[in-house]
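Contents: one structure, followed by commentary.
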Amino acid sequence: MTSHPEFGERTPGSEVAKVFADQIRGKTILVTGVSPKSIGASTVLNLASQSPGLLILASRTKSRIQEVADQITTKYPGVRVETVLVDLGSQESIRRAAADVAALTDKLDILINNAGRVVTSRQATQEGIEQQFGTNHIGPFLLTNLLLPLLRKAAETNPPGATRIVNLSSAGHRLSPVRFSDYNLEGKPVPPEEDHVKPLPGAFANCTPDGYKPIVAYAQSKSANILFTISLQRHLANHGIASYAVHPGSIVTELSREQDDELNAEFHKLIKYWKTPDEGSSTTLVAALDPALNEVKGFYLSDCQYTEPSAHAKDAAAADRLWKLSEELVGEKFSIGG
Ligand SMILES: NC(=O)c1ccc[n+]([C@@H]2O[C@H](COP(=O)([O-])OP(=O)(O)OC[C@H]3O[C@@H](n4cnc5c(N)ncnc54)[C@H](OP(=O)(O)O)[C@@H]3O)[C@@H](O)[C@H]2O)c1
């Protein structure tokens, strides 16, 4: 259980930050995917309210990160805020960003892999990986591993489990496992255990003329976020570092900027409650801050509490397989257990 079983769907992130103020004060925290109106913006503003030592905002559009950094500085002038440019769809950019972070700090207490992307047509990262899998999983995989020395440094002095890596997943993961035999969605045959749920509801089944199913690609990437969390948890627990994945809820942000009206209408039919931006950061903040999480063997949270992901997203063998595939796709091995 979490330390606050009364927290739920409508708990504001600002309240969570207040309750766990001791876990924020003086800490160095990096959040990816920060732009106005995003979950990342609400997350960093709530963190800023409780005097962190250093907040690093890492995202791909300078003007948008700067707008949020300026809001923080206006509201909380005592907080040190730094911005780092990173395109998670470019491994070169990620490697540069990791070096930029290392130039700002020698330790990182909390890493929140929040950035995410939805695309509705076939696109690829700079390395030719399907855009949603590449940006939502492979990019954060590389960034996290490159930042691990800073997290390890923080873990030397933090209480066990207080150094954390939080990965933003989604309830959407339920629609598709990782398609190991066809992770680029090129129409290669996949065994049933790698295939998406059938039938996909309504407009979720839509595909582009070349057969690309955007929702399946997004769902695959969000399953990967949970499997990645399982590997991190397993390998890093003995090193004092904990990792949790979250579904933040449904929040009107710019995530759906590319979606057409038909798909947006489908979402609005399905979703019973749209969280405010403040409520949209609460589950992330519980995952990043609640000391009670370390006492339980959970790894996925929704509405501020532990919940069970789909079977395909908690399979230890799939987590190992994903780790190996991710290493291949970034061209580097990371022996994080050692
Ligand atoms: N909103 C929801 O209902 C919902 C539900 C479930 C899960 N989520 C997850 O929550 C996370 C945050 O999403 P959001 O709703 O806040 O979406 P959002 O408003 O679109 O924010 C996404 C953030 O990620 C950044 N980003 C996108 N592509 C990037 C790249 N290649 N490199 C670096 N940064 C990149 C965006 O930067 P720019 O603004 O500069 O493009 C933006 O700051 C995502 O992981 C998403 O999957 C959201």
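Counting starts at 1 for both ligands and their atoms, following the listed order.
A salt bridge does not link Lys324 to Glu327: none of the charged side-chain nitrogens sits closer than 4.0 Å to a carboxylate oxygen. With salt bridges taken as basic N to acidic carboxylate O contacts below 4.0 Å, one links Arg95 and Glu332. Residues Arg179 and Glu130 are not paired through a salt bridge, judged by the lack of any N-O separation under 4.0 Å between the basic side chain and the carboxylate. Using a 4.0 Å cut-off between charged nitrogen and carboxylate oxygen, Glu92 and Arg96 count as a salt-bridge pair. Ion pairing between a basic and an acidic side chain is recognised when a charged N comes within 4.0 Å of a carboxylate O; Asp320 and Arg234 show such pairing.
A side-chain donor-acceptor contact under 3.5 Å links Arg174 and Ser310. With no hydrogens or angles considered, a side-chain donor-acceptor pair links Thr2 and Gln305 at under 3.5 Å. Using modelled atom types, one finds a donor on one side chain and an acceptor on the other under 3.5 Å when comparing Asn113 with Thr144. With no hydrogens or angles considered, a side-chain donor-acceptor pair links Asp210 and Thr208 at under 3.5 Å. A donor-acceptor pair shorter than 3.5 Å cannot be found between the side chains of Asn136 and Asn225.
For Leu88, heavy-atom contacts with ligand 1 shorter than 4.0 Å involve the backbone as well as the side chain. Contact annotation for Arg117 and ligand 1: only side-chain heavy atoms (C-beta onward) come within less than 4.0 Å of the ligand. No part of Ala58 comes within 4.0 Å of ligand 1, judged by heavy-atom distances. When non-hydrogen atoms are compared, ligand 1 lies under 4.0 Å from neither the backbone nor the side chain of Asn136. Neither the backbone nor the side chain of Phe267 comes within 4.0 Å of ligand 1, counting heavy atoms alone.
Between Val31, Val86, Leu85, Asn225, it is Val86 that holds the heavy atom closest to atom 33 (C) of ligand 1. For atom 8 (N) of ligand 1, the candidate residues are Pro248, Gly134, Ser302; the nearest heavy-atom contact is made by Pro248. In this comparison of Ile251, Asp87, Thr283, the heavy atom closest to atom 2 (C) of ligand 1 sits on Ile251. One option in Val119, Thr253, Thr284 has a heavy atom closer to atom 17 (O) of ligand 1 than any other, and that option is Thr253. Distances from atom 36 (C) of ligand 1 to the heavy atoms of Arg64, Arg257, Gln131 put Arg257 nearest. Closest heavy-atom approach to atom 44 (C) of ligand 1 within the set Val252, Leu168, Asn114: this belongs to Asn114. Which of Arg60, His247, Gln126 comes nearest to atom 28 (N) of ligand 1 through a heavy atom is settled by distance: it is Arg60. In this structure, of Thr43, Thr61, Val68, the residue bringing a heavy atom nearest to atom 40 (O) of ligand 1 is Thr61.
Close approach of ligand 1 to Val34 (heavy-atom distance below 4.0 Å) involves ligand atoms 43 (O). The distance from ligand 1 to the heavy atoms of Ser38 drops below 4.0 Å at these ligand atoms: 16 (O), 19 (O), 21 (O). Taking a cut-off of under 4.0 Å to the non-hydrogen atoms of Ser59, the atoms of ligand 1 that pass are 25 (C), 34 (N), 37 (O), 43 (O). Taking a cut-off of under 4.0 Å to the non-hydrogen atoms of Thr135, the atoms of ligand 1 that pass are 30 (C), 31 (N). Atoms of ligand 1 lying under 4.0 Å from any heavy atom of Gly116, numbered from 1 in the order shown and given with element: 22 (C), 24 (O), 27 (C), 44 (C), 45 (O). Per-residue contacts place Gly249 under 4.0 angstrom from the following atoms of ligand 1 (heavy atoms of the residue considered): 2 (C), 3 (O), 4 (C), 5 (C), 6 (C). Residue Gly89 has at least one heavy-atom neighbour below 4.0 Å for each of these atoms of ligand 1: 31 (N). With ligand atoms numbered from 1 in the order given, ligand 1 contributes 39 (O), 42 (C), 43 (O) to contacts under 4.0 Å with heavy atoms of Ser35.
Contact check for Trp323 versus Phe228: side-chain heavy atoms found under the 4.5 Å cut-off. Using a 4.5 Å cut-off on side-chain heavy atoms (C-beta onward), Val286 and Leu301 make contact. Side-chain contact between Ser282 and Glu15: absent, with no pair of heavy atoms (C-beta onward) separated by less than 4.5 Å. Within the 4.5 Å cutoff, the side chain of Val84 has heavy atoms near those of the Leu104 side chain.
Between Phe133 and His137, the angle of the ring planes lies from 30° to 60°, which puts this pair in the tilted group.
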*asked:* Run the side-chain hydrogen bond (donor to acceptor under 3.5 Å, both in side chains) test on Asn158 and Arg164 for me, step by step, so that the C-alpha distance in whole Å, both residues' side-chain angles and the decisive distance to 0.1 Å come before the verdict.
replied: CA-CA 10 Å; Asn158 283 336; Arg164 297 227 175 139; over 6 Å; no
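Partners of Leu270 by side-chain contact (heavy atoms from CB on, under 4.5 Å), not counting sequence neighbours, listed by chain and number: Phe204.
Considering both main-chain and side-chain atoms, Lys37 never comes within under 3.5 Å of ligand 1 through any nitrogen or oxygen pair. At least one N or O atom of Glu254, backbone or side chain, sits closer than 3.5 Å to an N or O atom of ligand 1. Inclusion of Gly40 in the set of residues having an N or O under 3.5 Å from an N or O of ligand 1 is not warranted.
The closest approach between a heavy atom of Tyr218 and any atom of ligand 1 is below 4.0 Å. Not a single heavy atom of Ser93 sits closer than 4.0 Å to an atom of ligand 1. Under the 4.0 angstrom criterion for non-hydrogen atoms, Lys222 is in contact with ligand 1.
Residue, atom and distance of the protein heavy atom nearest to atom 7 (C) of ligand 1 are Ser169 O, 3.2 Å. Scanning all protein heavy atoms for the shortest distance to atom 18 (P) of ligand 1 gives Leu255 N, 3.7 Å. For atom 16 (O) of ligand 1, the nearest non-hydrogen atom of the protein is Ile39 N, 2.8 Å.
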